[in-house]
Amino acid sequence: MELKFDPSDPKYIYVSNAEQAINALDELKKEKVVGIDIEGTELDPYSSILLTIQISSASISYIFDARQLNIDGIPELKEFLENTNTIKLLHNGKFDYKHIKVNTGIETANIYDTMLTEVVLNAGIGKAYYSLKDLAKKYAGIDLQKDIRESFVKMTANSRLTEDQLKYAALDTLIMFPIFEEQIKKLNKEGLLNVAKLEFATTRVVGEMELKGVHIDIEKWKSIIHTLSDKRDLLASKFQESIRPYFQSSALDLFGNVSDSININSQVQLMDLFNNKLKLNLPSTSDALLEAVDHPVVKILREYRGYEKLVSAFGDNLLSKINKKTKRIHPEFNQLGAATGRFSCNNPNFQQIPRNSEEAPFRTCFNPEKGYKLVTADYSSMEMRILADLSGDEVFIKALKDGLDVHSYTASLMFNLPYTDDFKKKYPDKRQAAKVIGFGLMYGMGPASLARQIGVTPEEGREYLDRYFNSYPSVKRFLEKMARDAVKNGWSSTPAGRKRWYTTPTASDPDYKKKIGSIERQAKNHPIQGTNADAVKYALVFLQERMKKEKVDGSLILTVHDEIVSEIREDQAVDWSNIQAEEMCRAARLFLEKVPVVAEPFVGDVWEH
């Protein structure tokens, strides 16, 4: 590949006054595509000093010193970065977007993200994150030296940039052009350009969500954790009491109390207890395995672990994430956190926070600022609706159109029972079996796994599965076709064109059947979960646009699976809740034509739905 710059001596112009900035922007306006990057002192945009904004053509980088320039006095820069005519190349653009927005108020538009593109191009067989160094090596054969990056951390508002720092900053923008040229070819070849555009539009929304963050009632949170800790400790004591008869002697601690017989968190000691003392003959202490063991000691351990998990996941560690400046928590949303295109969340992971329960009402601690309300809306039975629509099963579709409780209706078909409004109350076990099968099929679960979840024998599991497919024959044909096509093509796709690739084993592979089975399971799930992800992303983009258009005082703050949460000024919240549901349905109807789409909004002072 012929480069338009010298990697060992990249061309740049250092911009430190308004006249230079105007001249640079006049040159950059001639370009259809520019590269953008920033340098700052910290990862957190609220505490970082924005040092530079680099904007380049394919051959020269203009390095705007954000400390020297009065950016408010250069409206041309805002106009340029926010225009939708010029394509802006960024790598992990959300990061740069946030730093530029916090420090200048500018909302960079028309982003092309080289990192997100690479994830889209390799979904299922690649990584969740690619560094610029990775892509420079892959597409341009250049080994980027990133050591100098650390030198920016030590800088202040008055530090002078060195020649090495300026060249480093310049190269980070220039290198994106050869990457862009090769990626665009691949996107077009694979029919993934529109999927990539959706991700680029979404990354601006995600940047805004992360900047806004979430407000939490700290004292209430601590109170919940304290209660859960007490229950955990009580179960730990109960566990020690229950196993003490299996040990010959009980030592005393320094305070004269009977010490623990074993460390309840030690896998080695638990294995010794289960196999040598209790004679349970267990291969591990995993919860999936212990779930099937009917023994009082095991039951106490599993209950203890439930509380321990809540305390460790949502204790002081989460509260430590509260930003000192904003007093809010700013989680990181990875919009390509799964190969299906589904979001993940970390630092902290809000997707782990359970629905409100009497024992762990964590979501009641998520509150709006004074004068605002939380508006929560999620898609009703979204994956079921997607399965019905994509499979075209007429019986399934009619049940949804008639507004029936789909799990109860499915159970009525499977077990030849009359469907009634109180079916759930009359036949809870049969409805639960139908529900487990319905969701399990979307994740490619077989009869053995389904049988374990329902609590029946494998033979009965197979019989239940047959009954389900007899009720919805088109569902079976659809899932089998998805599995078959994925093995044949090496990829599966959503209606929007989002692809997931698979590494197909050779027939001589000793694990051939196991690997093919894995591909088939993933291929059954991908069109369903992937379409759900596509709908949520379009909804986020539509909502952000609508919020600006309607001049709504509020922000999108969270997305978890098929749920979207916003924080809206009190007097606008009810009207906005209807808009939020409307735009979510509009997004889903881009893909679902045969079934009704329902998004149910809730307005309140806590995260609840």
Side-chain angles (χ1 to χ4, degrees), residues 1-40 50-69 71 74 76-77 79-81 83 85-93 95-96 99-100 104 106 108 110-115 117 131-152 155 159-184:
M1 177 188 293
E2 186 179 347
L3 300 175
K4 295 181 180 178
F5 61 93
D6 181 354
S8 61
D9 189 22
K11 189 176 180 182
Y12 69 86
I13 292 177
Y14 175 60
V15 179
S16 59
N17 62 53
E19 184 182 353
Q20 291 173 328
I22 300 300
N23 292 336
L25 289 166
D26 285 342
E27 291 300 313
L28 289 165
K29 285 173 189 174
K30 300 173 186 176
E31 304 294 330
K32 292 182 179 178
V33 182
V34 298
I36 296 178
D37 188 34
I38 66 102
E39 299 300 340
L50 181 64
L51 302 171
T52 63
I53 303 173
Q54 303 93 266
I55 312 176
S56 78
S57 66
S59 58
I60 182 170
S61 184
Y62 298 88
I63 303 176
F64 294 76
D65 192 321
R67 303 163 304 164
Q68 300 289 329
L69 295 166
I71 290 177
I74 310 172
E76 294 87 349
L77 180 60
E79 182 186 331
F80 179 77
L81 290 177
N83 84 61
N85 302 318
T86 311
I87 296 172
K88 325 293 195 316
L89 306 182
L90 296 97
H91 186 85
N92 190 16
F95 176 86
D96 304 87
H99 281 258
I100 292 171
T104 70
I106 296 171
T108 308
N110 203 11
I111 290 171
Y112 175 103
D113 192 315
T114 52
M115 186 193 81
T117 301
S131 68
L132 190 60
K133 184 179 177 72
D134 291 335
L135 302 191
K137 188 70 175 176
K138 177 178 179 178
Y139 289 110
I142 294 172
D143 188 11
L144 285 183
Q145 298 302 312
K146 305 299 288 184
D147 297 347
I148 201 168
R149 173 71 193 90
E150 297 302 316
S151 67
F152 291 102
M155 295 192 71
S159 302
R160 293 191 60 176
L161 293 160
T162 66
E163 179 78 2
D164 285 343
Q165 286 177 320
L166 291 167
K167 285 185 176 181
Y168 169 90
L171 190 56
D172 272 1
T173 54
L174 295 167
I175 193 60
M176 285 190 279
F177 284 86
I179 296 169
F180 168 67
E181 288 173 19
E182 294 303 308
Q183 285 183 336
I184 279 290

Taking atom NZ as the centre, does K11 end up with more than 12 heavy-atom neighbours from other residues, nucleotides or ligands that are less than 6.0 angstrom away? no
Looking at K146 and D172, is there a salt bridge between them, counting it only when a charged N and a carboxylate O are closer than 4.0 Å? yes
Heavy-atom side-chain proximity of E39 to I53 below 4.5 angstrom: no
Quick one: are L81 and I36 in side-chain contact, heavy atoms under 4.5 Å? yes
N23 (side chain) donor-acceptor with Q20 (main chain) under 3.5 angstrom: no
What is the minimum heavy-atom distance between I63 and A169, and which atoms define it? CD1-CB, 4.2 Å
CD/E19: more than 12 non-hydrogen atoms of other groups inside 6.0 Å: no
Between Y12 and L171, is the side-chain contact (heavy atoms from CB on, under 4.5 Å) condition met? List the steps. CA-CA 9 Å; Y12 69 86; L171 190 56; over 6 Å; no
If we ignore hydrogens and angles and just use 3.5 Å, is the side chain of K88 paired with the main-chain N or O of N83 as donor and acceptor? yes
Minimum heavy-atom separation for F177 and A58, please, with both atom names. CZ-N, 3.6 Å
With side chains defined as the heavy atoms from C-beta onward, is the minimum distance between E182 and K138 less than 4.5 Å? no
So, applying side chain to side chain contact (heavy atoms under 4.5 Å, CB included) with M115, which one of N92, L132, L90, D134 is it? N92
How long is the gap from CE on M155 to OG1 on T162, to the nearest 0.5 Å? 7.5 Å
Just verifying a value: how many Å separate H91 NE2 and K133 NZ, rounded to the nearest 0.5 Å? 12.5 Å
Please report the interatomic distance NZ(K32) to CD1(I87), rounded to the nearest 0.5 Å. 9.5 Å
Non-hydrogen side-chain atoms of L25 and I74 separated by less than 4.5 Å: yes
Decide yes or no for E76 and F80: does some side-chain heavy atom of the first lie under 4.5 Å from some side-chain heavy atom of the second? no
Between L50 and R67, which heavy-atom pair has the shortest distance, and what is it? O-CG, 3.7 Å
Identify the two heavy atoms, one from T108 and one from I111, that lie closest to each other, and give their separation to 0.1 Å. O-CD1, 3.8 Å
Look at the side chain of D96 and the backbone N and O of D37, then say whether any donor-acceptor pair between them is shorter than 3.5 Å. no
L77 CG to I22 CD1 distance, which is reported to the nearest 0.5 Å: 8.5 Å
Charged N to carboxylate O under 4.0 angstrom, D9 versus K167? yes
Side chains of T173 and Y62, heavy atoms from C-beta outward: is any pair under 4.5 Å? no
For a side-chain contact (heavy atoms from CB on, under 4.5 Å) check, start with the C-alpha distance between F64 and I71, then their side-chain angles and the critical distance, and finish with the verdict. CA-CA 10 Å; F64 294 76; I71 290 177; over 6 Å; no
Calculate, to the nearest 0.5 Å, the distance between atoms NZ and CG belonging to K29 and N85 respectively. 11.5 Å
Can a donor-acceptor pair be found, under 3.5 Å and without considering hydrogens, that links the side chain of D113 to the backbone of G93? yes
How close do P10 and A170 get, counting heavy atoms only, and between which atoms? CB-CB, 4.4 Å
Can you give me the closest heavy-atom contact between S57 and L28, atom names plus distance? N-CD2, 4.1 Å
Given L135, L89, I142, the one that forms side chain to side chain contact (heavy atoms under 4.5 Å, CB included) with I179: L135
Whether over 12 other heavy atoms sit under 6.0 Å from K4 NZ: no
Given side chains that start at C-beta, do those of I175 and F5 come closer than 4.5 Å, heavy atoms only? yes
L161 vs Y168 side-chain heavy atoms within contact, under 4.5 Å: no
Let me confirm one number: the OG1-CE distance from T114 to M176, rounded to the nearest 0.5 Å. 6.0 Å
